[in-house]
Amino acid sequence: MPQYQAVKGTRDIFPEEAAQWKYVERVVHTFASLYGFSEIRTPVFEYTELFQRGIGSTTDIVGKEMFSFQPDPKGRSLTLRPEMTAGVMRAALQKNLLSSAPVHKLYYIGELFRKERPQAGRQRQFSQFGAELLGVSSPAAVAEVITLMMEIFDSLGLHGLKLRINSLGDTEDRLRYREALQLYFTPFHDILDEASKERLEKNPLRILDSKNPALQELIAGAPRLYDYLNDSSVQDFEKVLFYLAERNIAYDIDYRLVRGLDYYCNTAFEVTSSELGAQDAIGGGGRYDGLSRELGSSVEVPAVGFAVGMERLLMTMEKQGLFALLDSDNPLVYVVVQQQDLVDHGLQIAWRLRRAGIKTEIDLAARSMKAQMREANRISASYALFIGTMECTTGLYALKNLVTSEQTTLSLEAVLELLREQAEKEPLKS
RNA sequence: GUGAUUGUAGCUCAGUUGGUUAGAGCGCCAGGUUGUGGCCCUGGAGGCCGGGGGUUCGAGUCCCCUCAUUCACCCCA
C-alpha cells in the first residue's frame, strides 16, 4: 500500500480520462456561447453565511455537509462552496451587474465540495457545469435554460435520459400548500421517521422526497402541490411546457418533485440517467427569484438556472460507449536514435520538428533502439524517423511509416514537408 | 451519521480441512534480431498477503481491534 492515497471522496483524473473531460468541457463552452451565455469564475470558498442564507439552514447541505474552516481565530468562518448558484448571485450583486444591463446570462464549470459518505456517483469533491440566467425568469427564460442543458446532452450523444419537471408555485402557493401538508401528515406523526418528523415542522415539502418505503403509501395520498397553484402560476408552468413541446424536448410532469434547495420557486426540474445506480440525478435546476433578497439585495432579481454533475455525466457517457470515437492524442513522429553519441543530434532534430508544428516524441532515457521502437509503437506514433551514422554523413534520413511499415529515405527538408502535410490533416488537439 | 462489502505483484484475480521457498494471466523490463516496432519464443524484476494484537508447534487462511475500499441508506450533481 502506498504511504499516501487520495483523500476520501476525491480522485485523480489521469490523461486518458482527462481527454474525455476536455471533450465535454469544449462542448459546454461551445453551446453556452451559442446560446449567449458568458463564462464566470467565482472563488472556491466564500463566507459561510452566504451558503447558510442562500441554500437554507434546513437543508442537509448546510446542516451537515459543508467543509467549513476558520483561518483566523478572530475571523469569519469560511466554507468550500457546496454549490455554485449562491456564489454567482453574490458576485452579480457585489458588482451590481443588473444596473449595467437588465439581463445577464452566465455559465460556469467548477469544483464543489460536500462532506458526504462517498458512493457510486458521489464524491466529496466533484464538478458541475451550469448556467444562471439573471434578471428574467419568464417561461421563455426557464425554457431557454432547460433547452441549453438538453441540447448539450443531445450533442454529446446521450440517450435514455429522463427530464422530470414540476411547479413549486409562488411563495403564497407554497405557504398554503405547506399548511395543507402539515394538516395531512400530523395525524400520522407517529408513523413518520425521525427525519420526516423534523421536516414536518421546518419544511414539510421535503417529506415528499423521502424514499422510505414505509412512507410511500402515505405520501401517495398527500395533497398535490399542483392543486394549490394560483392561476398565474399554472399559466406560467403551462407556458414552459409549451416551449419544451415545441422543441421536441420530452418531459414527465412529476408532482412530487420538490428538490432539496430552499431557494427554488415555480418551475423545478431534474434529469436522471438509468445508467447510474442509486445516485441517478445527472442534472437539475429551477427558478430562484427569492435568492437575491435572501442575500440582502434591496431588489428582487428574478433568476433561473441549472447544474449538471460532470462525473455523473461522464459516467453515463462511458456506459453508453460515447467515448469510443474520441481521437487519441498521439505523436505524429518518433525520433529514434541509433547510438549514444547521436542523441544530441536527435534532440536538435526533434526540436526543429516541433517548431514546425509537428507533434514529435523522442526518448529521453537513452534506451536501446529496440526499446525506442517499442515505445513508438506503444504510443501509436505514425512515423519513426531514424537518426544514425548513415543519416548524419549523407544528410538523408530514413522515415518509416509505422502503419504500413514502408520506409523511405529523404532529406530533412523533405521529411519536414511531408510531416507538416500530415500534421495539417490531423491538427493538434488543444 | 447508519448498515453491509472487500483488502494477496502495477492491474484483474487464484490460494484447497491452518502445514515447508505465496501463484496465474495481463502489463513492465531484457534477450532471441550489435540500424527497425506490432506477432511469437525465452528469461527477469516486482509481494512486511492493508496495519496491530491474539489463538496455535505453525496464520495469507481462525478470533478481536484498527485503517482503507466499495455499495446502499439519509440526501444530492
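First the proteins, then the strands, lettered A, B, ... as listed; each starts at 1.
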Could you tell me the separation between the [atom1] atom of [X] and the [atom2] atom of [N], rounded to a whole number of Å?
X	N	atom1	atom2	result
A/M315	B/rU70	CE	P	11 Å
A/Q279	B/rC73	CD	P	6 Å
A/K115	B/rU2	NZ	C1'	17 Å
A/Q119	B/rC71	CD	P	7 Å
A/L402	B/rC39	CG	P	14 Å
A/L158	B/rA77	CG	C1'	14 Å
A/L257	B/rA77	CG	P	11 Å
A/R378	B/rC26	CZ	P	18 Å

With heavy atoms under 4.0 Å as the rule, sort [X] into base, sugar-phosphate or nothing.
X	answer
A/R122	base
A/A376	nothing
A/G130	nothing
A/Q125	nothing
A/S405	base
A/E83	nothing
A/K8	sugar-phosphate

Main-chain N/O of [Y] paired to [X] side chain as donor or acceptor, under 3.5 Å:
X	Y	answer
A/T48	A/L78	yes
A/Q52	A/V62	no
A/H104	A/L97	yes
A/R81	A/E111	yes

Residue whose nearest RNA chain B nucleotide is more 5′ - A/G9 or A/E270: A/G9
Considering only atom [atom1], compute the distance from [N] to [M] and round it to an integer number of Å.
N	M	atom1	value
B/rC11	B/rG3	C1'	30 Å
B/rG15	B/rA24	C1'	11 Å
B/rA30	B/rG52	C1'	40 Å
B/rG50	B/rU69	P	16 Å
B/rC49	B/rU20	P	16 Å
B/rC13	B/rG54	C1'	30 Å
B/rG7	B/rG51	C1'	11 Å
B/rU8	B/rU16	P	16 Å

Minimum side-chain heavy-atom gap A/I387-A/Y397 below 4.5 Å: yes
Side chain proximity check, A/L181 to A/P223, heavy atoms < 4.5 angstrom: yes
Nucleotide pairing, RNA chain B (Watson-Crick or G-U, distances under 3.5 Å), in dot-bracket with [ ] and |: ((((.((..((((.....[...)))).(((((.......))))).....(((((..]....))))))).))))....
Of the listed nucleotides [options], the one nearest the side chain of [X]:
X	options	answer
A/R117	B/rU69, B/rC73, B/rG38	B/rC73
A/Q5	B/rC73, B/rA77, B/rA68	B/rA68
A/M373	B/rU36, B/rC28, B/rC74	B/rU36

A/R41 atom CZ, neighbour heavy-atom count above 12 within 6.0 Å: no
Between A/H29 and A/Y107, ring centroids under 6.0 Å: yes
List, with names and distances, any nitrogen or oxygen atoms from the protein found under 3.5 Å away from nitrogen or oxygen atoms belonging to nucleotides 30-35 of chain B.
{"residue": "B/rA30", "atom": "OP2", "partner": "A/R374", "partner atom": "NH2", "Å": "2.3"}
{"residue": "B/rG35", "atom": "O6", "partner": "A/M390", "partner atom": "N", "Å": "3.0"}
{"residue": "B/rG35", "atom": "N1", "partner": "A/E391", "partner atom": "OE1", "Å": "2.9"}
{"residue": "B/rG35", "atom": "N1", "partner": "A/E391", "partner atom": "OE2", "Å": "3.3"}
{"residue": "B/rG35", "atom": "N2", "partner": "A/E391", "partner atom": "OE2", "Å": "2.8"}

Those residues that, when tested against A/T85, pass side chain to side chain donor-acceptor pair (under 3.5 Å) (two or more places apart): A/E132, A/Y263
Pairwise distance OG(A/S273) to CG(A/D280) - rounded to 0.5 angstrom: 7.5 Å
A/F188 and A/Y184 aromatic ring geometry - parallel, tilted or perpendicular at 30°/60° bounds: tilted
